[in-house]
Participant: 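Here it is, the structure in full.
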There are 2 protein chains.
Amino acid sequence: MTTRRTGLREQKKRATREALREAALRLALERGPDNVRVDDIAEAAGVSPRTYNNYFSSREQAIVAAVTAERESRVAEAVAAQPDQVRLADAVVDAIVEQYTDPGEPHRDAMLLITTRPALREAFLDTAAAIEHPLADAISQRLGDSGPHTARVLAASVAAAVRVALEQWVRPVSTSPAASGLVVPSGSLPDLIRSTLAPLTPALDAAEERARRGQPDSV
Amino acid sequence: MTTRRTGLREQKKRATREALREAALRLALERGPDNVRVDDIAEAAGVSPRTYNNYFSSREQAIVAAVTAERESRVAEAVAAQPDQVRLADAVVDAIVEQYTDPGEPHRDAMLLITTRPALREAFLDTAAAIEHPLADAISQRLGDSGPHTARVLAASVAAAVRVALEQWVRPVSTSPAASGLVVPSGSLPDLIRSTLAPLTPALDAAEERARRGQPDSV
DNA sequence: AGCAAAAAGTGCGTGCACGCAAGTTTGCGT
DNA sequence: ACGCAAACTTGCGTGCACGCACTTTTTGCT
């Protein structure tokens, strides 16, 4: 009812997409990502090479997608699932941290592969941006319609903060020797995300407060 | 003094880069972007095609760069230039708005071209992200070292907000018919930027306040 | 059920990004 | 002043992204 516009068509597309993801990851793990040609992925998934990049616009994207697959929608769901009494900021932070917390994954080795290879790291960072739109919808729903852009900006900022966290997590921290000189070596990803999200809580609180006062009953 | 590490070498690189930008834009304007081959740009700039993409990783990037060229550094400078009495939020907003305000440019027609062609629009949106790092440095300097990531997150959020503004400005607004249904048709870009930046001011204020109280006498 | 429109998959051709391994220029030490 | 080392440029080769036109499948309508 929600996504099912046509039914069978959508279903097949999902299947193809998943087959491609899975094939891409499997082959990358077996041979190493540099020894995987697009043709191989396509063949393993049983489609033409041309079809492959109707779905993915780069090999890295396909591999990474196997791990990050439906994180976007899950984040949005998790936010929406929080009761209204919970502060928006907490709802968002918890939802995201939850999604990025290592669930003792079968993907453990895949993550190792990703964080190792530069090209895959880049692709992985880009996946943070994917949460923006679903998250914007979820926030928008909680805020009513504070401003035309408030929800989107907040969602985009959250996504950006997550990206910063992922960068920190993934990079050897080779940047300039800053003033204090002391930066967390690598920390756990959830903690990192919490700390990059922290500076945004005032903005989330303010938006929520404004929504609460601004439109207790009106539009 | 600032950027001059080696001198002559850097200078030549700048020159080459600028020549490529300029050539790309000129040819795109003359023939339309679809009738410009990378080889043409390279030839017009007097370098090999291979060299061209040592500088730019896509044709669109080169064209757009001619317009957005040094916006990044200017934003950072503008923030740094604001006296310390000015609220950080205001400093940032003003600096950015200033940089995105149409200066009766010679680039007027270039902007028209960019906003017209989808591929160029995408590349243009990406330029917003370029302000992140310089801006992070500028903010970091004003905040001392509030937290390890505060400045970066704020800068990234600001960049994201700018991106949202650019998207709104550039897109026909074909998105879902939201609740209120009333969205600004296109508005002026500066106004749009102000309005997307608005939700972030609480975060900027909070960071500034925290920096002011946290370290009243240090750096 | 049969048909017409839409959508997905496919083959082909073109232009491009990028690694690699020279060749060339610049900068620096002695 | 001279030569060495590092940086930049270049030619070449490979794999790939993507537009276009065509075939096959799904869907909605009568």
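Protein chains get the first letters and strands the later ones, always in sequence-line order, with residue 1 at the start of each.
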Participant: Return no unless some side-chain N or O of A/Arg59 is found under 4.0 Å from OP1 or OP2 of D/dC16.
Facilitator: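 Result: yes.
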
Participant: Rounded to the Å, how far apart are B/Asn53 CG and D/dC8 P?
Facilitator: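 It works out to 16 Å between those atoms.
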
Participant: Regarding A/Thr51, tell me which of base, sugar-phosphate or nothing describes its non-hydrogen contacts under 4.0 Å with the strands shown.
Facilitator: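 Since a base atom lies under 4.0 Å of A/Thr51, the category is base.
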
Participant: Rounded to whole Å, please give me the gap between CD in A/Gln61 and P in D/dA17.
Facilitator: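 Rounded to the whole Å, the gap is 9 Å.
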
Participant: Roughly how far, to the nearest 0.5 Å, is OG1 of B/Thr68 from CZ of B/Arg74?
Facilitator: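 So the gap between those two atoms works out to 12.5 Å.
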
Participant: Can you measure A/Gln11 atom CD to D/dT27 atom C1' for me and round it to whole angstrom units?
Facilitator: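 The answer, rounded to whole Å, is 15 Å.
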
Participant: Does OP1 or OP2 of D/dT9 have a side-chain N or O of B/Tyr52 closer than 4.0 Å?
Facilitator: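 Answer is no, no contact under 4.0 Å.
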
Participant: How long is the line joining CZ of B/Arg14 and C1' of D/dC8, in whole Å?
Facilitator: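 Roughly 15 Å, once rounded to whole Å.
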
Participant: For A/Leu25, run the side chain to side chain contact (heavy atoms under 4.5 Å, CB included) check against A/Ile63, A/Ile41, A/Val64 and tell me which one passes.
Facilitator: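 Single side chain to side chain contact (heavy atoms under 4.5 Å, CB included) partner of A/Leu25 among A/Ile63, A/Ile41, A/Val64: A/Ile63.
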
Participant: Quick one: which of D/dT9, C/dT10, C/dG15 gets closest to the side chain of A/Asn54?
Facilitator: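 The listed nucleotide nearest to A/Asn54's side chain is C/dT10.
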
Participant: Select one nucleotide: of C/dT10, D/dG15, C/dC16, the one nearest the side-chain heavy atoms of A/Val47.
Facilitator: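 Closest nucleotide to the A/Val47 side chain: C/dT10.
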
Participant: Map B/Lys13 and B/Pro49 onto DNA chain D by nearest heavy atom, then report which one ends up closer to the 5' terminus.
Facilitator: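 With B/Lys13 and B/Pro49 compared, the 5'-side residue is B/Lys13.
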
Participant: Just how far, in rounded Å, is C1' of D/dT14 from CZ of A/Arg37?
Facilitator: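 Spelled out: CZ on A/Arg37 to C1' on D/dT14 is 8 Å.
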
Participant: In terms of side-chain heavy atoms of B/Tyr55, which of D/dC8, C/dC16, D/dG15 is nearest?
Facilitator: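 Among D/dC8, C/dC16, D/dG15, the one nearest the side chain of B/Tyr55 is D/dC8.
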
Participant: For B/Lys12 and for B/Val36, find the nucleotide of DNA chain C with the closest heavy atom, then tell me which residue's nucleotide is more 5'.
Facilitator: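 Taking each residue's closest nucleotide, the earlier one in sequence belongs to B/Val36.
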
Participant: Check this for me: does any side-chain nitrogen of one of B/Asp39 and B/Arg50 sit under 4.0 Å from a carboxylate oxygen of the other?
Facilitator: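 Here B/Asp39 does not pair with B/Arg50 in a salt bridge, since their nearest N and O are not under 4.0 Å apart.
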
Participant: Could you tell me the separation between the NE2 atom of B/His107 and the CG atom of B/Asp109, rounded to the nearest 0.5 Å?
Facilitator: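 Rounded to the nearest 0.5 Å, the NE2-CG separation comes to 9.5 Å.
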
Participant: In this structure, how many angstroms lie between the C1' atom of C/dT10 and the CG atom of A/Asp39, rounded?
Facilitator: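 Nearest whole value for this atom pair: 13 Å.
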
Participant: Given atom CD of B/Glu10 and atom P of D/dA6, what is their separation to the nearest angstrom?
Facilitator: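 In whole Å, D/dA6 P and B/Glu10 CD are 18 Å from each other.
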
Participant: Could you tell me how far apart A/Leu20 (CG) and C/dT10 (C1') are, to the nearest whole angstrom?
Facilitator: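 Rounded to whole Å, this separation is 14 Å.
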
Participant: Please pick, from D/dC12, C/dC16, D/dG15, the nucleotide with the shortest atom-to-atom distance to any side-chain atom of B/Arg50.
Facilitator: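 From the listed options, D/dC12 comes nearest.
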
Participant: C/dA8 phosphate, OP1 or OP2: any side-chain N/O from A/Thr16 under 4.0 angstrom?
Facilitator: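 For A/Thr16, the contact criterion (side-chain N or O under 4.0 Å from OP1 or OP2 of C/dA8) is not met.
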
Participant: Regarding A/Glu22 and A/Arg26, does a basic nitrogen lie under 4.0 Å from an acidic carboxylate oxygen?
Facilitator: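 A/Arg26 and A/Glu22: not salt-bridged.
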
